[in-house]
Structures are given as C-alpha cells and as structure tokens.
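Encoded as structure tokens, the structure appears first; notes follow it.
Only heavy atoms go into these numbers, but all of them, side chains included; no hydrogens, no water, no symmetry mates.
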Amino acid sequence: MKMKLIAALAILAATPALALASPSCTKEPKSKWMPENAMKAKIDTMGYKVKTFEITGSCYEIYGKDKDGNRAEVYFNPVSGEIVQNGD
C-alpha cells in the first residue's frame, strides 16, 4: 500500500514539470543566436511590451503584453526571431 502511495505521489509531483516544459526553438549553438538587444528590438517592433525577457531552454521567452494589451507569454527562435509558441 505504501509503495502505491509513494508511486502515485511521485507521478503527481512530476506532472506539472512536464506541462511547463518549453518548446524546442533551435538546435543552433548560442554563438549563432541573435544578440539579446537585437531580439528585444525586434520584439518591440512586433508590438509587444516586454515585462520579462529570459532564455528558456533553446528559446528566448518573454512575458508582457501584446499589441492589444493582452497578457502574452511568447517563445521565440533565437536565431531567426520567429515566434515558435504563443500562449499563457
């Protein structure tokens, strides 16, 4: 009985981590990534107001507002600057 409970708790504890996994944005080395300042400028021209800019896995990720003022969590390919995933 204890082993079943421990196994169930372990699965339950691992589930949120799987749900929050970031997408794979590129396989290119960081030496080929667009500089952060250039990426921030590109994001600005796309109409986003960035509150937080970070590197998540192989992506540039932002939290902020889109051009309509809605909350935005967006993952970008750090080489091309294209949006890979958009959502909350």
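- Of the inter-residue distances, the one linking I62 atom CD1 with E54 atom CD reads 10.5 Å to the nearest 0.5 angstrom.
- The backbone N or O of Y60 sits nowhere less than 3.5 Å from a side-chain atom of W33 that would complete a donor-acceptor pair.
- Between C59 and F76 the shortest side-chain heavy-atom distance does not fall below 4.5 Å.
- Between P78 and M34, every side-chain heavy-atom pair lies at or beyond the 4.5 Å cut-off.
- Shown are D44, D66, I43; of these, the side chain to side chain contact (heavy atoms under 4.5 Å, CB included) with K49 is made only by D44.
- Put simply, the side chain of Y48 never gets that close to the backbone of Y63: no donor and acceptor are under 3.5 Å apart.
- Taking CD of E61 as the reference point, atom CD of Q85 lies at 9.0 Å (rounded to 0.5 Å).
- The minimum heavy-atom distance linking P23 with S58 is given by the pair O-OG, 4.1 Å.
- Note that CD of E73 and OG1 of T52 are 10.5 Å apart. Values are rounded to the nearest 0.5 Å.
- Residue-environment remark: CD (E82) stays at or below the threshold of 12 foreign heavy atoms within 6.0 Å.
- Counting heavy atoms from C-beta outward, Y75 and N86 have side chains that stay 4.5 Å or more apart.
- The cationic group of K40 lies under 6.0 Å from the six-membered ring centre of F53 and within 45° of the ring axis, placing it in a cation-pi geometry.
- Atom CD of E28 is separated from atom OG of S80 by 10.0 Å, given to the nearest 0.5 angstrom.
- When atom types are taken as modelled, the side chain of T26 and the backbone of N77 share no donor-acceptor pair closer than 3.5 angstrom.
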